[in-house]
Peer 1: 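Have a look at this one.
Values reported hereafter were calculated over all heavy atoms of this structure, with side chains retained and with hydrogens, waters and symmetry mates removed. Just so we're on the same page: letters track the sequence lines, and every chain starts at 1.
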Amino acid sequence: MLRITDLTKRYGTGELVLKGLTLEIGGAGLTAIIGSSGAGKSTLLRCINRLVEPTSGSIVVDGVDVTGLRGRRLRHARRSIGMIFQGFNLIDRLSVMENVLSGRLGYVGFAQALTRRYPQADIDRAFTLLERVGLQDFVNTRADTLSGGQRQRVGVVRALMQDPKILLADEPTASLDPKTSQQIMSLTRELSEELSLPVLVNIHNVHQAKEFADRVVGLRYGTIIFDGAGSDLDDAALDRIYEGTAGRGDEHGDETVGADARGGTVASP
Amino acid sequence: MSAAPPKRTWRKPPAIANPVLRYGLLGLTFGYLYWAVASLPFDWNRIVQGFPRAVRIFGNAIPPEFARSQLMITGFTESIQMAIIATLIGVALSVPVAVMAARTISPTPVYLLGRAIIILARSFHPVIVAIIFVKAVGFGALAGILTLIVYSLGFVGKLLAEAIEEVDYGQIEAIRASGAGYFKVLVYAVFPQILPRQVGLSIYQLDSNLRASAVVGVVGAGGIGGTLMNAFRRFDYDFALAILMVLIAIILVSEGISGRIRRGLT
């Protein structure tokens, strides 16, 4: 379904964020990607639908190598890759239905999109999915009046409207309270099973990764250093994934203290 | 117990830390002011003579003369028509120009072209643009409308381009991720975000065009400004005062209405 080979990414002239990463996702099931901030989780996900341009390597989604695609062929490839975002990224000023139908933008013509005249099949599917996530009473509500959990459910429905072959979720619960976060994870898990859809989730919460994922991938400084079942993720593995990140924080703290001290000497005369 | 802590004082640090720079700038400012006042030709005699003349003129203007209301109505109607037409066309043109001039969503050559159009439209005061158009298309409302279109395009285009550059990029990312192309991204992710700004700016611009339409009339570009200029030329100060009073009333009313509408937008 998804095969990533020797993927590297460098922003500008900086360090490599992804260092020759190779990963294969087979059929349905939820794969969690864990790792500290800056490990490259978001970059990895965004390379798959080319919101971020990979530096080298290949990414094959459903038999198509998406690296190097341009224009119409890139847009067609993106249709089969749904994405859920940390900040929901709904169009605040549009209604729930318009947000949901925007998942079909890769399929409809420009005039249809402009006038909101979507095919009946799309509208039927939108209603079915909205009912599935319990938002059937909010069809014409403006997206920015919903609660965080409701917004993310709209985000999930929008991604599923694309009829994706794979679903990417970039920290889908990081902006939610613990209870709602749990609900969104179970919903994602259920929908993944119902639609037999492979799901790739970036996640900060290790407990949720263990609870909901069939497979956990640990990323550290752009390299995969753990790949296995959630039950294999013991303290030793977690130490390796998150090791050193606390130390870096301490160094940063020392620098700040130093800067303060210098500031003091300048001000005193 | 330990002794009382030492008494410490605190003063707000000066805005410019370097004392040489601080007092130097202060000295320069006052030095320039002294030089400017001393070197400009302030002729006290002319100022003293001017006051009685001003009093005489304003004396003639009172009471204002509203008898030639037909002339006034014709002038104001033309001004308002000019303002409305110019706002509609100018705002419509400003949208594509603003999209071009937004660095975040346009490729560099297009961005530079968009910026160039805006800079050109904004570099001259409407009165100067009006003089050019009066030379080009002759006296009358057409020159005024063209002037106000340029004025609206420059102002709304610039502020709208800034609004586009400030939109939430996440929404653009989400629409792009669905496989939408450039124009669908504009319609779904960009325009909804700038819509309140767009409506607010358009109403403000209508207001502003109403004011400017009176000014450009002075140089022959139609509207109430022409009537006002004629009144001054014929020393009909009472009629001129009547026109000015109506103008102020119209501007106050339009400002009130536009302010209220813009407050209601979210």
Peer 1: Would you compute the distance between atom CZ of R158(A) and atom CD1 of I175(B) and round it to the nearest 0.5 angstrom?
Peer 2: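 Here the rounded value is 5.5 Å.
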Peer 1: Look at A177(B), G181(B), A180(B) and state which one has the largest set of heavy-atom pairs under 4.5 Å with chain A.
Peer 2: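 Looking at each option in turn, the highest pair count goes to A177(B).
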Peer 1: Take atom OH in Y182(B); do more than 12 heavy atoms of anything else shown fall under 6.0 Å from it?
Peer 2: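 Check passes, neighbour count above 12.
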Peer 1: Return the option, out of R72(A), H76(A), R46(A), Q86(A), with the maximum number of heavy-atom pairs under 4.5 Å with chain B.
Peer 2: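 Result: the option with the highest number of such pairs is R46(A).
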Peer 1: Taking side chain as everything from C-beta outward and backbone as N, CA, C, O, which of these in N49(A) sits under 4.5 Å from a heavy atom of chain B? Side chain, backbone, both or neither.
Peer 2: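 Just the side chain, heavy atoms under 4.5 Å.
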Peer 1: For the residue pair R176(B) and L51(A), what are the closest heavy atoms and their distance?
Peer 2: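 R176(B) and L51(A) have their closest heavy atoms at CB-CD2, 4.1 Å.
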Peer 1: With a 6.0 Å cut-off (strictly less than), is the heavy-atom count around CZ of F127(A), excluding the residue itself, greater than 12?
Peer 2: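 Check fails, neighbour count at 12 or below.
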Peer 1: Identify which part of F85(A) has an atom lying under 4.5 Å from any heavy atom of chain B, answering side chain, backbone, both or neither.
Peer 2: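 Just the side chain, heavy atoms under 4.5 Å.
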Peer 1: Find out whether E98(A) and P192(B) are in side-chain contact, i.e. whether some heavy atom of one side chain is under 4.5 Å from a heavy atom of the other.
Peer 2: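 They are not in contact (no side-chain heavy atoms under 4.5 Å apart), so the answer is no.
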Peer 1: Does any heavy atom of chain A fall under 4.5 Å from the side chain of L195(B), the backbone, both, or neither of them?
Peer 2: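 For L195(B), the contact with chain A is made by the side chain alone.
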Peer 1: How about F191(B): does its CZ atom have over 12 heavy atoms from other parts shown lying under 6.0 Å from it?
Peer 2: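 Yes, because the 6.0 Å sphere around CZ of F191(B) holds more than 12 heavy atoms from other groups.
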Peer 1: In Å and rounded to the nearest 0.5 Å, what is the OG to CZ distance from S178(B) to R104(A)?
Peer 2: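 That separation rounds to 10.0 Å.
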Peer 1: Taking CZ in F76(B) as the centre, count heavy atoms belonging to other residues, nucleotides or ligands within less than 6.0 Å. Is the count above 12?
Peer 2: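 Yes, enclosed.
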Peer 1: How far does CG of L186(B) sit from CG of L114(A), to the nearest 0.5 angstrom?
Peer 2: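 So the CG of L186(B) and the CG of L114(A) are separated by 11.0 Å.
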Peer 1: Counting heavy atoms not belonging to R73(A), are there more than 12 under 6.0 Å from its CZ?
Peer 2: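 Not buried by this count: 12 neighbours or fewer within 6.0 Å.
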Peer 1: On a heavy-atom basis, which atom in Y188(B) and which in S102(A) lie closest, and how many Å separate them?
Peer 2: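 The pair with the smallest heavy-atom distance is CD2-CB, 3.9 Å.
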Peer 1: Please find the pair of heavy atoms, one from K184(B) and one from V108(A), that lie closest to each other, and give the distance.
Peer 2: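 Looking at all heavy atoms of both residues, the shortest contact is NZ-O, 2.6 Å.
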Peer 1: Does R3(A), at its CZ atom, have more than 12 non-hydrogen atoms belonging to other residues, nucleotides or ligands within less than 6.0 Å?
Peer 2: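 12 or below, so no.
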Peer 1: Surrounding OH of Y23(B) (heavy atoms of other residues, nucleotides or ligands, distance under 6.0 Å), is the total greater than 12?
Peer 2: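 No, because the 6.0 Å sphere around OH of Y23(B) holds 12 heavy atoms or fewer from other groups.
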Peer 1: Looking only at non-hydrogen atoms, find the nearest pair between R116(A) and V187(B) and report the distance.
Peer 2: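 In terms of heavy atoms, the two residues are closest at NH1-CG1, 3.8 Å.
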Peer 1: Report which part of L90(A) has an atom under 4.5 Å of a heavy atom belonging to chain B: side chain, backbone, both, or neither.
Peer 2: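 Only the backbone of L90(A) comes within 4.5 Å of chain B.
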Peer 1: Using a 6.0 Å cut-off, check whether atom CZ of R103(B) has over 12 heavy atoms from anything other than its own residue.
Peer 2: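 Not more than 12 within 6.0 Å, no.
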